[in-house]
Novice: 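Next up is a structure, given as structure tokens.
Both ligands and their constituent atoms are indexed starting at 1 by order of listing.
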Amino acid sequence: MTHHAIIVGGGIAGSAAAIALRKAGITADLYEARHDGGDYTGAALRLPRNGLSALRAIDVHDLVADISHPVACTELSSGTGRHLGTVSFTGDGHSETPRTMPRARLARTLRRAAETRGARVFMNKRLAGATTTRTGGVIATFDDGSDAEGTVLIGADGLNSTTRRLVSPTAPEPSYAGTHLVYGYAPANTAAPPSPDAFHIYWGKKATFGYTTAAGEIYWYANIASPEPLTAEQPRDTEIWRKHLTKLFRRDRTPAKNVIEAANVILPSNTRTLDTVPSWHTDHMVLIGDAAHAVPPATEQGAALAIEDAVVLAQFLRDQDETAIALEAFEAARRERVTRAGASRRSRTTHRRGTPRWIEQRRRDKNVAQAVRSGAMNPPAWLHDHQTSWQ
Ligand SMILES: Cc1cc2nc3c(=O)[nH]c(=O)nc-3n(C[C@H](O)[C@H](O)[C@H](O)COP(=O)(O)OP(=O)(O)OC[C@H]3O[C@@H](n4cnc5c(N)ncnc54)[C@H](O)[C@@H]3O)c2cc1C
């Protein structure tokens with residue numbers, strides 16, 4: 001059978017899948033629920049070298065290099081400004097340096113590359129449902145009443161995936177992971193020391209702060225432990241959050257307060273995890289990226305694994321005419337690696353009742369410094385050195 005793919009979701013996984021399918025000679029139509037809201041609608045991310053390898057396999061590595069900046073290491077410090085250690089992300093003997101960029105900029109660049117290579121891209125099209133046909137196809141329906149038919153539907157619709165509910169109705173829903181994650185952007189002429197090739201993380205008294213500078217901009221985030229998630233009713237107003245965050249960081253000796261005071265974008269969110277999804281595919285539908293397996297943001301691997309998924313799926317469809325066999329082989333090939341990646345960094349901020357915070361902070365700083373010295377914080381080679389080739 002000649003494949004024709006309907007891709008749901010024009011984020012990182014879906015756009016990379018469209019590019020990879022076109023490289024495999026397969027026609028692909030991509031449907032994205034939103035309009036293009038610009039660069040600052042999501043967090044900045046760092047693409048580790050396994051993600052860059054997957055981009056190279058589909059010939060878009062140079063395009064992404066043009067819109068990103070190298071960030072070779074993470075500098076870890078306490079809230080008092082004391083340096084606790086440096087974690088290198090280039091690894092022993094590797095010249096490939098991870099790249100950082102706003103997530104939305106990466107998605108748009110990949111979407112445009114997909115279009116250039118012959119995929120059709122439809123914006124403002126939200127999947128509502130899908131049914132399989134007697135002739136071995138699948139019909140996707142959208143919330144504007146339109147529909148589209150293909151031989152395979154690829155669900156790349158992220159953590160809140162609609163496709164996941166169709167493919168695996170007993171799959172868990174994402175759950176709150178215990179912290180509010182606020183991220184944003186600021187002009188680089190604020191009081192944060194310019195340091196374009198490093199990401200800085202400070203473990204402050206009340207919250208963690210991270211930032212890097214890149215071409216006139218600061219990409220930053222704040223991670224705040226909280227037993228309760230933010231609710232839809234709570235305000236997302238920039239000035240309310242600026243006040244809240246500057247108060248949280250005011251007693252730390254870090255760039256946090258200055259950066260947040262100067263920030264032009266402040267986006268509050270909850271960290272969320274997804275437990276194991278029992279199955280990623282049916283005979284004509286398959287999940288990739290966050291829709292299938294959301295790894296914690298701290299692993300800095302979600303986007304990289306999503307691109308790997310996209311390339312590997314396109315290869316199975318390229319080499320196998322039977323859609324169901326290709327989808328089964330894809331899941332078998334990918335599940336172990338992404339499960340192991342998700343387990344590699346599951347930690348929570350906890351506060352032992354009765355222990356004064358300053359003692360906990362000293363203990364934590366000591367543990368961080370010790371973990372850096374022992375190499376326990378080094379990015380695991382099996383994850384980061386993984387190479388994706390087009391063969
Ligand atoms: C704060 C933060 C920091 C992170 N840092 C890193 C990092 O440093 N390195 C890294 O590799 N990863 C990082 N990640 C993870 C990374 O952003 C995700 O893993 C990655 O974006 C997953 O890509 P995706 O395409 O699967 O999903 P998404 O990027 O979420 O894209 C899904 C797309 O589907 C669309 N969609 C949703 N529903 C529908 C529907 N019904 N119909 C049509 N379209 C739909 C959405 O609008 C969206 O465009 C981070 C995540 C967060 C939250």
Novice: Provide the number and element of each atom of ligand 1 under 4.0 Å from a heavy atom of Lys125.
Specialist: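 Here the atoms of ligand 1 in question are 42 (N), 43 (C).
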Novice: Can you label the angle between the His293 ring and the Trp280 ring as parallel, tilted or perpendicular, going by 30° and 60°?
Specialist: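 Aromatic pair His293/Trp280 classed tilted.
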Novice: Assess whether atom CD of Glu328 is packed by more than 12 heavy atoms of other residues, nucleotides or ligands within 6.0 Å.
Specialist: no
Novice: Would a distance-only check, ignoring hydrogens and angles, find a side-chain to backbone donor-acceptor pair under 3.5 Å from Thr100 to Leu45?
Specialist: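 Here the side-chain-to-backbone pair exists.
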Novice: Considering non-hydrogen atoms of the protein only, which is the closest contact for atom 29 (O) of ligand 1, and what is the distance?
Specialist: Ile12 N, 4.1 Å
Novice: Sort out for me which residue in Arg49, Arg56, Arg337 forms a salt bridge (charged side-chain N to carboxylate O under 4.0 Å, His left out) with Glu308.
Specialist: Arg337
Novice: If the plane angle is over 60° it's perpendicular, under 30° parallel, otherwise tilted; pick one for Tyr211 and Tyr202.
Specialist: parallel
Novice: Can you confirm whether some protein heavy atom lies under 4.0 Å from atom 17 (O) of ligand 1, or whether none does?
Specialist: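 Protein heavy atom within 4.0 Å of atom 17 (O) of ligand 1: present.
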Novice: Could you find the nearest protein heavy atom to atom 48 (C) of ligand 1 and give me its residue, atom name and distance?
Specialist: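 So the nearest neighbour among protein heavy atoms is Glu32 OE1, 3.5 Å.
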Novice: Salt-bridge test for Arg126 and Asp157: reply yes if a basic N is under 4.0 Å from a carboxylate O, no otherwise.
Specialist: no
Novice: Closest non-hydrogen protein atom to atom 31 (O) of ligand 1, residue and atom name please, with distance?
Specialist: Gly11 CA, 3.6 Å
Novice: Hey, are Gln234 and Thr231 close enough side-chain-wise for a donor-acceptor pair under 3.5 Å?
Specialist: yes
Novice: Can you tell me which portion of Thr162 lies within the under-4.0 Å heavy-atom range of ligand 1? Options are side chain, backbone, both, or neither.
Specialist: side chain
Novice: Going by distance only, is there an N or O of Gly10 that falls short of 3.5 Å from an N or O of ligand 1?
Specialist: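 In fact, backbone or side chain, Gly10 has no N or O that close.
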Novice: Name the option, out of Asn50, Asp157, Asp36, that contains the heavy atom nearest to atom 39 (C) of ligand 1.
Specialist: Asp157
Novice: Does Phe142 have Lys125 sitting over its ring (NZ/CZ under 6.0 Å from centre, angle to axis within 45°)?
Specialist: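 Judged by the rule, Lys125 and Phe142 form a cation-pi pair.
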Novice: Taking only heavy atoms of Tyr31 into account, list the atoms of ligand 1 that are under 4.0 Å away from them.
Specialist: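 Result: 43 (C), 44 (N).
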Novice: At less than 4.0 angstrom from any non-hydrogen atom of Arg103, what atoms of ligand 1 do you find?
Specialist: 17 (O), 21 (O)
Novice: What are the atoms of ligand 1, with element, lying closer than 4.0 Å to any heavy atom of Ala43?
Specialist: 1 (C), 2 (C)
Novice: Considering distance alone, does some N or O of Leu47 sit under 3.5 Å from an N or O of ligand 1?
Specialist: no
Novice: Considering non-hydrogen atoms of the protein only, which is the closest contact for atom 6 (C) of ligand 1, and what is the distance?
Specialist: Leu45 CB, 3.5 Å
Novice: Students should be able to answer this: which protein heavy-atom is nearest to atom 26 (O) of ligand 1, and at what distance?
Specialist: Asp290 N, 2.9 Å
Novice: Check Lys257 with Glu261, please: is the shortest side-chain N to carboxylate O separation under 4.0 Å?
Specialist: yes
Novice: Hey, is Leu181 touching ligand 1 through its side chain, its backbone, both or neither, going by heavy atoms under 4.0 Å?
Specialist: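 The part of Leu181 near ligand 1 is the side chain, not the backbone.
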Novice: Could you identify the single nearest non-hydrogen protein atom to atom 42 (N) of ligand 1 and state the distance to 0.1 Å?
Specialist: Leu127 N, 2.9 Å
Novice: Between Ala33 and ligand 1, find which residue part has any heavy-atom pair under 4.0 Å and reply side chain, backbone, both or neither.
Specialist: both
Novice: Would a hydrophobic clustering, with Ile, Leu, Val, Met, Phe, Trp and Tyr connected at side-chain separations under 4.5 Å, put Val8 with Ile26?
Specialist: yes
Novice: Which ligand 1 atoms are under 4.0 Å away from a heavy-atom of Ala156?
Specialist: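 With Ala156 as reference, the close atoms of ligand 1 come out as 32 (C), 33 (C), 34 (O).
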Novice: Would Arg46 count as a polar contact of ligand 1, with the cut-off being nitrogen or oxygen pairs under 3.5 Å?
Specialist: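 N/O-N/O distance under 3.5 Å: yes.
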Novice: Look at atom 12 (N) of ligand 1 and find which of Ala104, Ala128, Ala303 reaches it with the closest heavy atom.
Specialist: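 Comparing heavy atoms across Ala104, Ala128, Ala303, the nearest one to atom 12 (N) of ligand 1 lies in Ala303.
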Novice: As an exercise, state the distance from CG of Leu267 to OG1 of Thr238, rounded to the nearest 0.5 Å.
Specialist: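 Here the interatomic distance stands at 7.5 Å.
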Novice: Keeping Ser161 on the side-chain end and Thr163 on the backbone end, is there a donor-acceptor pair under 3.5 Å?
Specialist: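 Pair found, side chain donor or acceptor close to backbone of Thr163.
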Novice: Are Phe330 and Phe316 close enough that their ring centres sit under 6.0 Å apart?
Specialist: no
Novice: Give a yes/no on ligand 1: does Ala304 have at least one heavy atom closer than 4.0 angstrom to it?
Specialist: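 True for this residue.
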Novice: Salt bridge check: are Glu115 and Arg112 linked by an N-O gap of less than 4.0 Å?
Specialist: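 A salt bridge is absent here (no side-chain N lies under 4.0 Å from a carboxylate O).
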Novice: Under 4.0 Å from a heavy atom of Gly289: which atoms of ligand 1 are those, numbered in the order shown and with their elements?
Specialist: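 Atoms satisfying the 4.0 Å criterion: 26 (O).
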Novice: What residue and atom, counting heavy atoms only, is the protein's closest point to atom 25 (O) of ligand 1, and at what distance?
Specialist: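 It is Ala13 N, 2.8 Å.
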Novice: In ligand 1, which numbered atoms sit nearer than 4.0 Å to a non-hydrogen atom of Gly158?
Specialist: 27 (O), 30 (O), 32 (C)
Novice: Counting only heavy atoms not in Arg335, do more than 12 sit closer than 6.0 Å to its CZ atom?
Specialist: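 Counting other residues, nucleotides and ligands, CZ of Arg335 exceeds 12 neighbours.
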Novice: Which residue and atom name correspond to the protein heavy atom nearest atom 3 (C) of ligand 1, and how close is it?
Specialist: Pro297 CB, 4.0 Å
